[in-house]
Asks: 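I'd like to ask some things about the structure below.
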Amino acid sequence: MINWGIIGAGNIANRFADSLKEVADGNLYAVSNRTIEKAQSFQINHPCEKAYGSYQELLDDDQVDAVYIALPHKYHFEWILKAIEADKAILCEKAATMNQLEAEDIQKALLNKPVFFMEAMKSRFTTAYETIKTIVAAGEIGEIKAIKTSLCRAFDPVNASYHFQPGQGGCLLDMGVYNVALLEDFLPGQFVLKEMDYLLHKDQVEIYVNAVFDVDGKEATVESGFDRLTEAKAVITGTKGEIVIYDFHRPTKFDLRIGDHVTSIEKANVIDDFYGEITHVQENIQSGKFESDRMPVSDTIKVAAIIDQMKAEIF
């Protein structure tokens with residue numbers, strides 16, 4: 001049995017806890033928040049043995065085997081390092097770091113004190129995504145020539161959380177990270193930013209980005225935004241055909257197009273879009289592994305580096 005502790009008690013932590021109930025050999029043991037009142041409120045909705053009024057108290061609990069870090073972006077780095085020091089296995093919500101430098105520092109810390117660590121890129125662990133990976137690897141659409149991704153939502157700044165806060169806010173770390181993670185997974189190579197349009201909010205965070213990269217002669221497009229609604233879709237174009245992935249950040253269906261023939265494929269999630277990710281982490285921990293083969297630390301670093309390129313163009 002793996003005893004989980006959750007650091008942070010917001011919306012995403014609630015979704016994680018709901019899914020964890022369905023995971024064999026997984027147990028929600030503790031939750032922590034900056035205030036004991038919010039931790040105890042979370043505990044009422046998600047029964048667990050311990051509720052802590054500080055994150056460090058949870059890390060100091062010897063009964064905690066693994067932690068899920070569900071804090072706003074800017075706090076991830078600090079608590080990842082502290083969790084490493086506390087010898088806990090770690091699943092950290094995306095984006096795991098604010099930039100490439102932080103990701104590289106985490107990699108160095110893990111070399112000095114190995115524990116399991118993975119960024120929570122849950123889209124990679126859905127049944128649909130795994131099926132698409134198999135289709136591409138089998139060469140059914142030929143060699144990939146281009147990938148276009150779009151994920152934009154209209155956010156209300158008044159009711160938003162950290163999304164519009166200078167520094168940690170902006171669409172790239174919140175949603176664009178999904179676009180970039182997909183591109184990085186299917187297009188190994190050097191990402192070079194070729195062109196980019198963007199819009200800034202008055203609080204100096206990016207609320208829209210449309211960027212085109214060259215990846216060793218292949219084209220990769222990132223469209224991400226807080227100021228409009230677009231169809232969440234990724235199109236992988238190959239020399240023989242293409243795959244259109246709907247809601248690629250949590251996919252359950254896609255179209256496979258070979259010539260004039262289109263096959264629509266639906267692959268429902270097992271339980272929900274968190275379940276595959278959690279079971280993958282537990283399997284790695286139980287096998288004594290320190291790193292995922294599907295979302296390794298090197299991928300976290302590459303994704304952060306690609307986002308850094310876009311941010312450098314804006315700020």
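Remember, it's a predicted structure, so these values are computed and weren't measured experimentally.
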Asks: Could I get the full list of side chain to side chain donor-acceptor pair (under 3.5 Å) partners for Lys289, not counting sequence neighbours?
Replies: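 By the side chain to side chain donor-acceptor pair (under 3.5 Å) rule, Lys289 matches no residue at all.
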Asks: Thinking salt bridges, do Asp174 and Arg153 make one under a 4.0 Å N-O criterion?
Replies: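 Salt bridge between Asp174 and Arg153, a charged N being under 4.0 Å from a carboxylate O: no.
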Asks: Kindly give the heavy-atom pair with the smallest separation between Glu223 and Ser150, and that separation in Å.
Replies: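 Minimum heavy-atom contact is OE1-OG, 2.6 Å.
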Asks: Which residues satisfy the ring-ring contact (aromatic ring centres under 6.0 Å, His included) test with Phe213, sequence neighbours excluded?
Replies: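 Once residues adjacent in sequence are excluded, the partners of Phe213 under the ring-ring contact (aromatic ring centres under 6.0 Å, His included) criterion are Phe191.
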Asks: Checking the side chain of Asp61 only, and the main-chain atoms of Glu57 only, is there a donor and an acceptor separated by less than 3.5 Å?
Replies: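 Checked: no pair found.
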Asks: Identify, with sequence neighbours excluded, every residue that meets ring-ring contact (aromatic ring centres under 6.0 Å, His included) alongside Tyr55.
Replies: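 Applying ring-ring contact (aromatic ring centres under 6.0 Å, His included) to Tyr55 gives Trp79.
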Asks: Go through the structure and list residues passing salt bridge (charged side-chain N to carboxylate O under 4.0 Å, His left out) with Lys133, not counting sequence neighbours.
Replies: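 Once residues adjacent in sequence are excluded, the partners of Lys133 under the salt bridge (charged side-chain N to carboxylate O under 4.0 Å, His left out) criterion are Asp185.
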Asks: Would you give me the side-chain donor-acceptor pairs under 3.5 Å for residues 103-113, sequence neighbours excluded?
Replies:
| unit_1 | atom_1 | unit_2 | atom_2 | d |
| --- | --- | --- | --- | --- |
| Glu104 | OE2 | Gln100 | NE2 | 2.9 |
| Asn112 | ND2 | Lys108 | O | 3.4 |
| Lys113 | NZ | Glu85 | O | 2.7 |

Asks: List for me each residue that meets side chain to side chain contact (heavy atoms under 4.5 Å, CB included) alongside Glu22, sequence neighbours excluded, and say none if there are none.
Replies: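 With neighbours one apart ignored, the set is Ile271, Tyr275.
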Asks: Check ring-ring contact (aromatic ring centres under 6.0 Å, His included) between Phe155 and all other residues, then give those that pass, not counting sequence neighbours.
Replies: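 Testing Phe155 for ring-ring contact (aromatic ring centres under 6.0 Å, His included), a comparison that skips the adjacent residues, returns His163, Phe226.
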Asks: Grab the two heavy atoms, one from Ala220 and one from Leu187, that are nearest each other, plus how far apart they are.
Replies: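 What the structure gives for the nearest pair is CB-CD1, 3.8 Å.
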Asks: When the side chains of residues 236-243 are checked against the rest of the protein, which donor-acceptor pairs come out under 3.5 Å, sequence neighbours left out?
Replies:
| unit_1 | atom_1 | unit_2 | atom_2 | d |
| --- | --- | --- | --- | --- |
| Thr237 | OG1 | Glu242 | OE1 | 3.4 |
| Thr239 | OG1 | Glu143 | N | 3.0 |
| Glu242 | OE2 | Arg257 | NH1 | 3.1 |

Asks: Can you list everything that forms a side chain to side chain donor-acceptor pair (under 3.5 Å) with Arg228? Sequence neighbours excluded, please.
Replies: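 Not a single residue meets the side chain to side chain donor-acceptor pair (under 3.5 Å) criterion with Arg228.
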Asks: Atom CZ of Arg250 and atom CG of Leu151: how far apart are they, to the nearest 0.5 Å?
Replies: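 Going from CZ on Arg250 over to CG on Leu151, the span is 9.0 Å.
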Asks: For Lys38, which residues count as a salt bridge (charged side-chain N to carboxylate O under 4.0 Å, His left out) partner, sequence neighbours excluded?
Replies: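 Lys38: no salt bridge (charged side-chain N to carboxylate O under 4.0 Å, His left out) contacts found.
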Asks: For His280, run the ring-ring contact (aromatic ring centres under 6.0 Å, His included) check against Phe116, Phe125, Phe274 and tell me which one passes.
Replies: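 Of the listed options, the one satisfying the test is Phe125.
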Asks: Tell me whether the centres of the aromatic rings in Phe254 and Tyr129 are closer together than 6.0 Å.
Replies: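 When the ring centroids of Phe254 and Tyr129 are compared, they turn out to be at least 6.0 Å apart.
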Asks: Any pair with a residue in residues 90-110 that passes ring-ring contact (aromatic ring centres under 6.0 Å, His included), sequence neighbours left out, goes on the list, sorted by first then second residue, please.
Replies: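 Every pair satisfying ring-ring contact (aromatic ring centres under 6.0 Å, His included) with a residue in residues 90-110: there are none.
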Asks: Who pairs with Tyr162 by ring-ring contact (aromatic ring centres under 6.0 Å, His included), at least two apart in sequence or on another chain?
Replies: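 Here the qualifying residues are His73.
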Asks: Between Glu130 and Arg294, is there a side-chain N and carboxylate O pair less than 4.0 Å apart?
Replies: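 Counted as a salt bridge, because a side-chain N and a carboxylate O are separated by less than 4.0 Å.
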Asks: Assess whether a salt bridge exists between Arg124 and Glu184, defined as any Lys/Arg side-chain N lying under 4.0 Å from an Asp/Glu carboxylate O.
Replies: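 Salt bridge: yes.
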Asks: For Lys21, does the NZ atom sit with more than 12 other heavy atoms under 6.0 Å from it, leaving out its own atoms?
Replies: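 Count over threshold, so yes.
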